[in-house]
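In this chain, numbering begins with 1 at the start of the sequence shown.
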Amino acid sequence: DIINELKEFGINTFVYDPKAYRDEVIHEYGLELLNDINEKAPYDAVIIAVKHREFLDFGLENIKSLMENPIVIDVKGLFSDIIDKNCLYWSL
């Protein structure tokens, strides 16, 4: 739903999920997954929509390094306990 909404506004999206099954994602959603989180960086923003341990282990600093002006939308609140004044951070 997030991707479809962003596309309606003409926003290009890229999807990275280390736990998703590539063929299943293509079949069910028609989406190609990035092989590597850095593949299309730098990004304008990063939306963390799943609460995978891999993203927590990757860390907020590394996620911020994927962007020139870090904007992190953390739908699941994975990093909600971290206060970082060096990025625009939003969480539910």
Side-chain angles (χ1 to χ4, degrees):
D1 291 339
I2 294 170
I3 293 168
N4 289 332
E5 186 75 20
L6 291 170
K7 284 183 179 180
E8 286 182 21
F9 288 97
I11 297 170
N12 293 324
T13 60
F14 305 101
V15 180
Y16 174 74
D17 188 333
K19 290 193 169 199
Y21 296 103
R22 184 171 303 281
D23 293 338
E24 188 175 310
V25 171
I26 292 170
H27 177 72
E28 291 294 321
Y29 305 104
L31 298 172
E32 285 282 338
L33 295 176
L34 295 177
N35 293 314
D36 182 276
I37 198 167
N38 296 293
E39 192 172 327
K40 299 284 186 173
Y43 304 106
D44 293 327
V46 170
I47 299 172
I48 303 167
V50 292
K51 205 167 188 171
H52 292 331
R53 179 78 191 177
E54 287 84 351
F55 295 128
L56 188 59
D57 291 344
F58 189 65
L60 185 57
E61 285 303 313
N62 286 323
I63 290 170
K64 287 173 26 185
S65 74
L66 298 169
M67 300 163 276
E68 292 177 13
N69 298 302
I71 300 171
V72 179
I73 297 120
D74 187 359
V75 176
K76 300 294 184 176
L78 192 63
F79 296 104
S80 62
D81 61 334
I82 299 172
I83 297 172
D84 188 330
K85 297 182 192 276
N86 296 318
C87 79
L88 179 58
Y89 175 86
W90 181 85
S91 179
L92 290 176

Exam field: side chain [X] to backbone [Y], donor-acceptor pair closer than 3.5 Å:
X     : Y     : value
Glu39 : Asn35 : yes
Arg22 : Leu33 : yes
Asp17 : Ala20 : yes

Exercise. Looking only at side chains, do Asp74 and Tyr89 share a donor and an acceptor under 3.5 Å apart?
Worked result: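 Yes - a donor-acceptor pair under 3.5 Å links their side chains.
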Between [atom1] on residue [X] and [atom2] on residue [Y], distance to nearest 0.5 Å:
X     : Y     : atom1 : atom2 : value
Asn38 : Asn62 : CG    : CG    : 8.5 Å
Leu78 : Leu56 : CG    : CG    : 4.5 Å
Glu24 : His27 : CD    : NE2   : 8.5 Å
Leu60 : Ile82 : CG    : CD1   : 5.5 Å
Asn4  : Leu31 : CG    : CG    : 8.0 Å
His52 : Phe58 : NE2   : CZ    : 14.5 Å

Exercise. Can you check side-chain contact (heavy atoms from CB on, under 4.5 Å) on Asp84 and Glu61, steps first, answer last?
Worked result: CA-CA 9 Å; Asp84 188 330; Glu61 285 303 313; 3.3 Å; yes
Seminar exercise, completed: Apart from Ile26 itself, its cluster of hydrophobic side chains linked below 4.5 Å comprises none
Problem set entry | From CA spacing to verdict: side-chain contact (heavy atoms from CB on, under 4.5 Å), Leu92, Val75 | CA-CA 6 Å; Leu92 290 176; Val75 176; 3.9 Å; yes
Exercise. Within a reach of under 6.0 Å around CG of Asp36, are more than 12 heavy atoms found that belong to other residues, nucleotides or ligands?
Worked result: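 Yes, CG of Asp36 has more than 12 neighbouring heavy atoms, counting only those of other groups under 6.0 Å.
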Problem set entry | Crowding at CG, Asp57 (>12 non-hydrogen neighbours, <6.0 Å) |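 Counting neighbours around CG of Asp57, more than 12 heavy atoms of other residues, nucleotides or ligands fall under 6.0 Å, so yes.
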In the single-linkage hydrophobic clustering (I, L, V, M, F, W, Y; side-chain heavy atoms under 4.5 Å), do [X] and [Y] co-cluster?
X     : Y     : value
Val50 : Ile3  : no
Tyr16 : Tyr21 : no
Val72 : Ile47 : no
Ile11 : Ile2  : yes

Can you give me the closest heavy-atom contact between [X] and [Y], atom names plus distance?
X     : Y     : result
Ala41 : Leu66 : CB-O, 3.9 Å
Ala45 : Ile73 : CB-CD1, 4.4 Å
Ser91 : Gly77 : OG-CA, 3.2 Å
Tyr43 : Met67 : O-CG, 3.2 Å
Phe55 : Ile48 : CD1-CG2, 4.5 Å
Leu34 : Phe14 : CD1-CB, 3.7 Å

Problem set entry | Val15 and Glu32, any side-chain heavy atoms less than 4.5 Å apart | no
Exercise. Stepwise, does the side-chain contact (heavy atoms from CB on, under 4.5 Å) test hold for Val46 with Ile71?
Worked result: CA-CA 6 Å; Val46 170; Ile71 300 171; over 6 Å; no
